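From a predicted model like this one, the values you see are computed outputs, not experimental measurements. Side-chain atoms are counted along with the backbone in the values below, which use heavy atoms only and exclude waters and symmetry mates.
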Amino acid sequence: MASVNKVILIGNLGQAPDVRMTHSNMKVAEISIATTRRFTRNDERVEQTQWHTITLWGKLAEIVEKYTTKGSSIYIEGRLETEKWQDQNGQTRYTTKVIAESIQLLDRMQR
């Protein structure tokens, strides 16, 4: 039986990308984007913002490093990946990230 692990997000960066190099000299970037859901509840307008951690590898990392900054609007397609780790108290923790597979920059080019 087939399965699908696909995420599509459009949001804005909460800060400039955090870019580093791996030991094999590949760039990896981590960005945090906000998506906001707007709706009406009891005749009152409500906004709910969710923050998503996105990891980008190679050429995608180079693109976000060069062309985005805090507030930039971006379209991302990717997959969910959950990491399991131990905190300093020995508690098991989980972190879910989106691994980007393609992106589109939605801001007009300023450069």
Side-chain angles (χ1 to χ4, degrees):
M1 187 159 125
S3 63
V4 176
N5 180 353
K6 183 163 187 116
V7 175
I8 298 174
L9 296 169
I10 296 175
N12 293 31
L13 275 71
Q15 60 192 30
D18 177 22
V19 181
R20 58 191 186 281
M21 298 290 280
T22 66
H23 294 296
S24 60
N25 287 327
M26 178 182 278
K27 282 195 177 179
V28 59
E30 204 164 90
I31 60 174
S32 182
I33 69 166
T35 58
T36 303
R37 175 177 172 239
R38 294 172 179 87
F39 60 96
T40 303
R41 180 190 308 143
N42 301 327
D43 295 327
E44 187 176 329
R45 190 157 172 84
V46 178
E47 287 190 2
Q48 289 181 335
T49 300
Q50 295 289 315
W51 287 93
H52 312 274
T53 302
I54 317 295
T55 302
L56 305 100
W57 292 90
K59 190 67 173 170
L60 296 179
E62 293 173 18
I63 291 168
V64 297
E65 177 183 39
K66 187 172 183 179
Y67 296 110
T68 67
T69 189
K70 179 179 181 176
S72 293
S73 185
I74 191 168
Y75 170 96
I76 296 172
E77 287 188 30
R79 67 183 190 278
L80 288 178
E81 198 170 274
T82 301
E83 297 175 354
K84 180 179 173 181
W85 51 281
Q86 300 283 324
D87 69 11
Q88 55 188 337
N89 297 324
Q91 297 288 338
T92 300
R93 303 286 183 184
Y94 298 90
T95 303
T96 300
K97 298 180 179 184
V98 174
I99 307 302
E101 295 173 344
S102 68
I103 63 171
Q104 288 184 354
L105 306 179
L106 301 178
D107 294 325
R108 289 193 173 155
M109 297 299 284
Q110 300 287 328
R111 298 169 196 243

Nearest 0.5 Å please: distance from the CE atom of Met21 over to the NZ atom of Lys27.
6.5 Å

Approximate separation, where rounding is to 0.5 Å, of Glu83 CD and Thr55 OG1:
7.0 Å

If you group Ile, Leu, Val, Met, Phe, Trp and Tyr by side-chain heavy-atom gaps below 4.5 Å, do Met26 and Ile103 land in one group?
no

Would you call Thr95 and Thr53 a side-chain contact if the rule is heavy atoms closer than 4.5 Å?
no

Residues Asn12 and Gly71: closest non-hydrogen pair is ND2-O, 3.4 Å

Nearest heavy-atom neighbours spanning Glu47 and Arg38:
OE2-NE, 3.1 Å

When rounded to the nearest 0.5 angstrom, what is the spacing between CG in Leu13 and NZ in Lys70?
10.5 Å

Return the minimal non-hydrogen interatomic distance between Asp107 and Ser73, and the atom names on each side.
OD2-N, 2.9 Å

Tell me whether Val64 is reachable from Tyr67 by hopping between hydrophobic residues (I, L, V, M, F, W, Y) whose side-chain heavy atoms are closer than 4.5 Å.
yes

Tell me whether the NZ or CZ atom of Arg41 lies within the 45° cone about the ring axis of Phe39 and under 6.0 Å from its centre.
no

Look at the side-chain heavy atoms of Ile, Leu, Val, Met, Phe, Trp and Tyr, link any pair under 4.5 Å apart, and say whether Val19 and Val98 land in one connected group.
no

Heavy-atom count around Asp43 CG within 6.0 Å, excluding the residue itself: above 12?
no

I'd like to know if the side chain of Asp87 and the backbone of Asn89 have a donor-acceptor N/O pair within less than 3.5 Å.
yes

Check: Gln86 and Thr92 side chains under 4.5 Å, non-hydrogen atoms:
yes

Value rounded to 0.5 Å, distance of CD1 in Ile10 from OG1 in Thr35:
10.5 Å

Within the 4.5 Å heavy-atom criterion, are Ile76 and Ile31 side-chain neighbours or not?
yes

Looking at every non-hydrogen atom in both residues, tell me the closest pair between Thr68 and Pro17 and how far apart they are.
OG1-CG, 3.2 Å

Report whether Leu106 and Ile54 are members of the same hydrophobic cluster (ILVMFWY, side-chain heavy atoms less than 4.5 Å apart, transitive linking).
no

Within the 4.5 Å heavy-atom criterion, are Glu77 and Glu101 side-chain neighbours or not?
no

Hey, any chance Val7 and Ile33 share a hydrophobic cluster, counting ILVMFWY side chains that come within less than 4.5 Å of each other, even indirectly?
yes

For the backbone of Glu30 and the side chain of Asp18, can you confirm whether one donor and one acceptor N or O come within less than 3.5 Å of each other?
no

